[in-house]
Amino acid sequence: MTSPATLTATAPTRPARAPGSVLALIVLGAGCLLPFAGASPLLLSLLVQAIIGAMLATGVGFLVRQNGMVSFGHALFFGLGGYVLGVPMAHGLLPPEVAVLLALVVPALLAFLLGLVITRIPGVAFSMLSLACAQTFYEVVLKVRTLANGDDGMSVTFPARLFGLDVGLLQDPRSMYLICWVLLAAVLVGLRLFTRSPYGLLTLAIRSNEERARFIGYETVVPRAAVYALSAGVAGLAGVLATFYNGFISPDMMHWTLSGSALVMAVIGGTRAVWGPALGAVVFFFKEIVGDATEHWPAVIGITLIVVTLCAPAGLSGLLARLFARRAA
């Protein structure tokens with residue numbers, strides 16, 4: 001009879017995951033070197049917008065991955081981050097540093113409070129409730145002109161320095177690209193660590209079988225709300241970066257079409273990997289190039305979405321993962 005020790009000794013060793021980490025470091029380093037490789041300010045400006053969109057899509061995809069819930073209202077938190085930052089600065093209501101901190105905290109706090117209610121409802125009903133909440137806030141900022149000039153939007157003037165840093169760095173394409181790129185990498189690493197933590201594994205267990213998790217004694221509503229808040233916090237960070245870079249806020253930041261675009265990015269990139277939605281945002285970024293060639297770029301995005309959905313249900317990230325697994329095998 002073969003002993004367990006013998007089986008352990010003779011079992012084939014699993015391939016190390018070091019190549020994936022090396023590849024991630026190469027991508028991060030290559031992205032950081034792009035501004036120094038002669039990229040034009042226009043390209044860098046477009047890439048800044050793409051990275052901000054990738055951050056929003058990452059929040060949407062993370063919610064799908066951990067909670068199994070599809071949100072049509074994450075533009076609410078994206079726009080809320082911008083408005084909580086821009087309105088106090090425009091009217092001098094708060095010190096600038098306090099406004100920045102509130103802009104990062106308020107979207108996540110609001111999402112947690114909403115999540116305690118709406119995450120109890122699964123499926124399409126949750127999606128419709130998230131859309132309804134987002135459109136409610138959209139109508140508020142659209143109709144109340146004293147808040148931020150209604151549908152015309154409002155320019156935001158920032159002080160020369162915030163937290164001892166030159167604000168001009170946040171409005172220059174080269175430096176802002178580097179800031180957004182590093183922050184996106186930090187967000188992806190943080191979310192990846194969360195998914196591997198005991199609490200992250202609990203949320204996956206609740207997503208797989210909430211009734212069983214509740215049966216063995218775990219609270220399920222608070223973890224779902226916490227994941228919803230974390231994904232909203234990522235979207236709020238993207239809204240803060242967009243407001244800093246553009247120096248402008250408008251109700252379009254909360255419109256449902258922005259939520260739809262973020263969801264398309266997440267589907268194209270895939271939600272099984274934390275970095276999948278960011279990859280989808282890179283693909284979605286090519287609409288800027290296609291838009292110069294034809295006015296029918298939405299059809300190109302739609303065809304891409306259909307092809308990816310039919311041929312790679314796990315998204316482009318799942319396709320890449322299978323390719324790397326075959327090469328490793």
Side-chain angles (χ1 to χ4, degrees), residues 54-78 80-81 84 101-134 136-137 183-184 186-239 259 262-263 265-267 269-278 314-315 317-318:
M55 202 172 293
L56 174 60
T58 297
V60 175
F62 181 74
L63 180 65
V64 177
R65 185 187 191 278
Q66 294 298 121
N67 275 6
M69 294 178 168
V70 177
S71 172
F72 288 128
H74 258 54
L76 162 62
F77 310 113
F78 179 85
L80 189 62
V84 173
L101 295 177
L102 285 178
L104 296 174
V105 172
V106 169
L109 179 60
L110 176 63
F112 182 76
L113 297 177
L114 288 175
L116 292 175
V117 179
I118 66 176
T119 56
R120 301 170 184 264
I121 306 171
V124 178
F126 168 81
S127 301
M128 293 299 100
L129 282 173
S130 65
L131 175 62
C133 293
T136 299
F137 279 83
L183 284 177
L184 176 61
V187 166
L188 293 177
V189 171
L191 294 181
R192 179 61 175 166
L193 292 176
F194 176 86
T195 60
R196 293 187 172 188
S197 68
Y199 201 77
L201 295 176
L202 172 61
T203 59
L204 287 176
I206 294 172
R207 183 202 67 181
S208 300
N209 195 324
E210 183 175 1
E211 184 178 356
R212 179 176 294 179
R214 191 183 299 113
F215 178 77
I216 60 179
Y218 285 107
E219 167 65 37
T220 60
V221 176
V222 173
R224 283 184 177 274
V227 170
Y228 189 49
L230 186 56
S231 68
V234 175
L237 174 60
S259 299
L263 184 58
M265 297 176 198
V267 172
T271 59
R272 294 185 183 180
V274 173
W275 51 270
S317 61

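Quick caveat, the model's predicted, so the values are computed rather than measured.
Within a 6.0 Å radius of OH in Tyr218, no more than 12 heavy atoms belonging to other residues, nucleotides or ligands are found. Around atom CZ of Arg212, no more than 12 heavy atoms belonging to other residues, nucleotides or ligands sit under 6.0 Å away.
Atom CG in Leu183 sits 5.5 Å away from atom CE in Met55 (nearest 0.5 Å). The CG atom of Leu202 lies 10.0 Å from the CD atom of Glu219; values are rounded to the nearest 0.5 Å. To the nearest 0.5 angstrom, Leu201 atom CG is 9.5 Å from Phe194 atom CZ.
Applying side-chain contact (heavy atoms from CB on, under 4.5 Å) to Pro223 and the options Ile206, Leu204, Asn67 leaves one that passes, Ile206.
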Atom pairs and distances, donor-acceptor, side-chain atoms in residues 68-76, under 3.5 Å, two or more places apart:
| from | atom 1 | to | atom 2 | distance (Å) |
| --- | --- | --- | --- | --- |
| Ser71 | OG | Gly73 | N | 3.1 |
| Ser71 | OG | His74 | ND1 | 2.9 |
| His74 | NE2 | Ser231 | OG | 3.1 |

Could you tabulate the donor-acceptor pairs under 3.5 Å formed by side-chain atoms of residues 270-278, not counting sequence neighbours?
none

Enumerate donor-acceptor pairs with a distance under 3.5 Å from any side-chain N or O in residues 102-123 to protein atoms, sequence neighbours excluded.
| from | atom 1 | to | atom 2 | distance (Å) |
| --- | --- | --- | --- | --- |
| Thr119 | OG1 | Gly115 | O | 2.2 |
| Arg120 | NE | Leu116 | O | 2.7 |

Output, in order, the C-alpha distance, side-chain angles, deciding distance and verdict of side chain to side chain contact (heavy atoms under 4.5 Å, CB included) for Val234 and Phe62. CA-CA 10 Å; Val234 175; Phe62 181 74; over 6 Å; no
Go through the steps for Leu230 and Leu191 under the test side chain to side chain contact (heavy atoms under 4.5 Å, CB included), then give the verdict. CA-CA 9 Å; Leu230 186 56; Leu191 294 181; 3.8 Å; yes
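The two residues Thr195 and Arg192 make their nearest non-hydrogen contact at OG1-O, 2.6 Å. Contact detail for Ala266 and Ala57: the closest heavy-atom pair is CB-O, 4.2 Å.
Among residue pairs with one or both ends in residues 220-231, those qualifying as salt bridge (charged side-chain N to carboxylate O under 4.0 Å, His left out) are Glu210-Arg224; sequence neighbours excluded. Screening residues 121-130 for salt bridge (charged side-chain N to carboxylate O under 4.0 Å, His left out) gives no qualifying pairs among residues at least two apart or on separate chains.
A search for side chain to side chain contact (heavy atoms under 4.5 Å, CB included) contacts involving Thr136 returns nothing, not counting sequence neighbours.
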